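Single-structure report; data block below.
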Amino acid sequence: MRWLLPISILIASVASVGATPRWHHGSIAYSEPSGSNLYLELKTASGKVIGVELLPQVRRVWSVRLAQGQQIAVRGKQLKGDKSVAFVIEVDQLADIKLAGGKRRRLVGAAVTRSAARGPVVTLAGIGLWPPVTSAIIEKKIVRAHRDGVKRLVIDVGLTERWRSYQNPAPALEVIARATRIAKRLGLKTAFYFPSFELRREGWRGRGARLSRLAAPWAQHWHGGGPVYLTRFTKQEFWNKPGDEALWVCPNSPWRARFAKLLIAAAQRGVETFFVDVPYFRASGKRLACGCRHCRRQLLQRTGQPLGALRQSPAGRLRLLRWRQATIRRFLAELRAQLRRVNRRARLVVEEYPSSVKDGPRQTGFEAGELRVGDVDWLAHEYSAQQGRAAFDAAAQRDLLLTLKLYRGLDGTRPSWVLSYARTVAESQRSAAIHLAAGTSFWETKAPEMTDSSVSYAWRRRLNAWLSAYHKDLAYCRSVANVAVVYSSRSRLVDEKHFYALRETQRLLHQHNIAYHVVPIGDASALRRYPMILLPQLTVLDPVELRTLSALTSRLVAIGSSPAGLRAGRSARSAMEAVATIDSVPVIVEGGPLLAQICRGPQGALDLRLVNTAERPQTARIRLTGKARKVQSLPFLGKWRGLGIKRDGSQLIITTPVRQMQVVRVFQ
């Protein structure tokens, strides 16, 4: 799709770094070649073409990146073309282009508007193509996925996971080249899976030198201890088989350059979407990594204190934990920048699970809430469902829903790739319904490869076909809410009560059918849109966060403790007390299904997402403002059809089928 639109943009060339930036006026061509980015070409009056790429990022904030050698002026500063610049855009009508910023002399670039926020990629599947593998098998697996309605295929070739690939990457790189050619021929989007900090060697079983000796300069080290080296001799695990050994490598070690070199080689062979897994520091109980010589040297340079001294005081330990998070964020941002220098369309997807686990960010150093615009393009969330539970009961379903709401808050307008686990087709169907109604993707990965050995290949094929047919109806929708629940990565790191208060607040809002969004505290532009903001156990705020909250005109309700200087409109001793004060919601639901969510979809239509996971029909009484002229329904795995709805004054009475998601479109 392409449009030609008028625009003006403030740009300074490399030759005039010290000069005042000039306005370039001309026409701009807009294209969306990959479905996930906007690429703009500005043709000036002199005929010069300047390339600008706008990438959809978190929370209506976009990043801008100029073609190599160009510069852009941002708030009076000059930034080189290989850096990212963030600015806020307004989501409005497609053909409208606006200039973003304040005064013209400090204005930065253009705001391209969209008809709706980008939704999830809803047809994901994974396959393994580990060398040695024949061309026939590569083609068979990719063709099968395409035939079965998969829209994004995640391919694992073992390039960065196996020690042998670091010694000889050619076989894995050849598989990548073949796979990308086949997928491109079919028009199938791909992502290639690359584990990062975990390095494995299969079948060692005590023969020869350990991996911790062969790759000793790369190893993470326990604080005050040896390398982080693990073996599996007697226990079959998800990824490490009996006899395997694993070494956790440090991102500050020489390994970093080797890893980037492998991914750059993959980019040169056609990879555009890089799915990076486990960028974690290790932890075991109170033991933390990394204390290798590279980290100790960097810590001393950045903090002025040695590792041992930092561990002695609460303030020092907090500084150490924050340094671990900043290290991972810098690693990801640098990796993304390197890949985009090779291919401007490169996308970095990072898999994480700590955000849904009580101690996750503290243990791993990975904090999704700390990622900034330009660090990563998308997040893939692990362990969303009832892995390890005997049954996917009502409590597990509710916990899944609350987790998905947290993921959507961390992802903003970016797609949410969510891995899920189930034991039966009925459980998988329930899980899929909850995921899609919550606005996240569904990726059932028990295998994790999409084969007959998973829950049900036939079920997956049916689901993919349905999702392909109704992708636009499901994907381009953002839930409507008047209430925001603030997530603070800094408070969570200091006080685990923040996480508990957040989840309890979510639970109560869900129980009372109050629509809400989880919003990271650093997203000031998003917070300004909510008339009521709940602050669960905010123990620590930095000066910027304090100024952000103080500048809001919204009604603030502090739950539990709050830092000095925060002027909340009201303080509540508990989440229950805070939720009881809420009296303004866009939709009221009485009884009925597990989830009832109102979304604003394409062309401004309102969608009601209803999920009934019970074994009997459920009746929901839904009260909306305004009158609906026309109502349609999309039953799960069914087709759009007219829906007979009983009316009782201002209420709509809808009965939902068993184990179903139901999308009810209300045209206003």
Side-chain angles (χ1 to χ4, degrees), residues 58-60 88 90-92 116-117 119 401-402 404-413 437-439 477-488 501-536 538 548-559 567-572 574-590 592-593 595-601 604-610 620-628 650-652 664 666 668:
V58 180
R59 300 175 293 276
R60 295 160 67 102
V88 179
E90 293 297 325
V91 177
D92 203 354
L401 174 60
L402 301 186
L404 296 178
K405 295 281 281 187
L406 174 59
Y407 290 165
R408 274 260 49 102
L410 294 175
D411 292 336
T413 58
C477 189
R478 177 168 173 78
S479 63
V480 177
N482 293 337
V483 178
V485 183
V486 169
Y487 174 84
S488 167
L502 173 77
R503 294 304 288 252
E504 177 65 8
T505 303
Q506 285 189 267
R507 185 186 66 79
L508 289 168
L509 289 169
H510 167 66
Q511 179 181 323
H512 292 281
N513 293 303
I514 298 174
Y516 71 93
H517 292 151
V518 176
V519 181
I521 195 170
D523 191 358
S525 61
L527 288 172
R528 283 194 290 268
R529 297 197 293 268
Y530 297 93
M532 185 168 192
I533 299 176
L534 305 181
L535 312 172
L538 293 189
T548 296
L549 293 179
S550 299
L552 295 174
T553 58
S554 312
R555 182 186 180 192
L556 304 180
V557 178
I559 301 170
R567 297 180 179 179
R570 177 182 173 86
S571 295
S574 66
M576 176 66 80
E577 184 178 329
V579 171
T581 67
I582 298 174
D583 54 10
S584 175
V585 293
V587 59
I588 299 174
V589 183
E590 300 173 359
L595 181 144
Q597 180 166 268
I598 186 170
C599 301
R600 191 168 298 282
L606 293 180
D607 284 358
L608 292 172
R609 302 290 176 90
L610 306 172
R621 300 174 69 88
I622 300 169
R623 197 182 320 160
L624 289 171
T625 57
K627 294 182 179 180
S650 62
Q651 297 185 88
L652 306 177
V664 179
V666 183
Q668 291 190 322

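Quick note: numbers below take in every heavy atom, side chains included, and nothing from hydrogens, waters or symmetry partners. Keep in mind the model is a prediction, meaning the values are calculated, not measured.
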Inset, instruction - For residues 549-558, pull every pair meeting salt bridge (Lys or Arg N to Asp or Glu O under 4.0 Å), keeping only residues two or more places apart or in separate chains. - result: none
Legend entry - Residue pairs passing the salt bridge (Lys or Arg N to Asp or Glu O under 4.0 Å) test where at least one lies in residues 505-521, sequence neighbours excluded: Glu504-Arg507
Inset, instruction - Look up atom CG in Leu595 and atom NZ in Lys405, then write down how far apart they are to the nearest 0.5 Å. - result: 7.0 Å
Legend entry - Separation of Ile514 CD1 from Thr505 OG1 (nearest 0.5 Å): 11.0 Å
Legend entry - side-chain hydrogen bond (donor to acceptor under 3.5 Å, both in side chains) involving Ser488 - partner list, sequence neighbours excluded: Ser491
Legend entry - Contacts of type side-chain hydrogen bond (donor to acceptor under 3.5 Å, both in side chains), residue Arg503, not counting sequence neighbours: Thr403
Checking [X] now: which residues fulfil side chain to side chain contact (heavy atoms under 4.5 Å, CB included) with it, not counting sequence neighbours?
{"X": "Ala438", "answer": "Leu401, Leu404"}
{"X": "Ala501", "answer": "Pro536, Gln537"}
{"X": "Ser574", "answer": "Met576, Glu577"}

Legend entry - side chain to side chain contact (heavy atoms under 4.5 Å, CB included) partner of Ile559, chosen from Leu538, Leu534, Leu535: Leu534
Inset, instruction - Kindly determine whether Ile521 and Leu549 satisfy side chain to side chain contact (heavy atoms under 4.5 Å, CB included), including the steps that lead there. - result: CA-CA 8 Å; Ile521 195 170; Leu549 293 179; 4.0 Å; yes
Legend entry - Minimum heavy-atom distance Gln506-Val518, with the two atoms named: NE2-CG2, 3.9 Å
Inset, instruction - Provide the closest heavy-atom pair for Ile582 versus Met532 in the form atom of the first, atom of the second, distance. - result: CG1-SD, 3.4 Å
Legend entry - Inter- and intrachain pairs under ring pair (Phe, Tyr, Trp, His ring centres under 6.0 Å), touching residues 506-527, at least two apart: His517-Tyr530
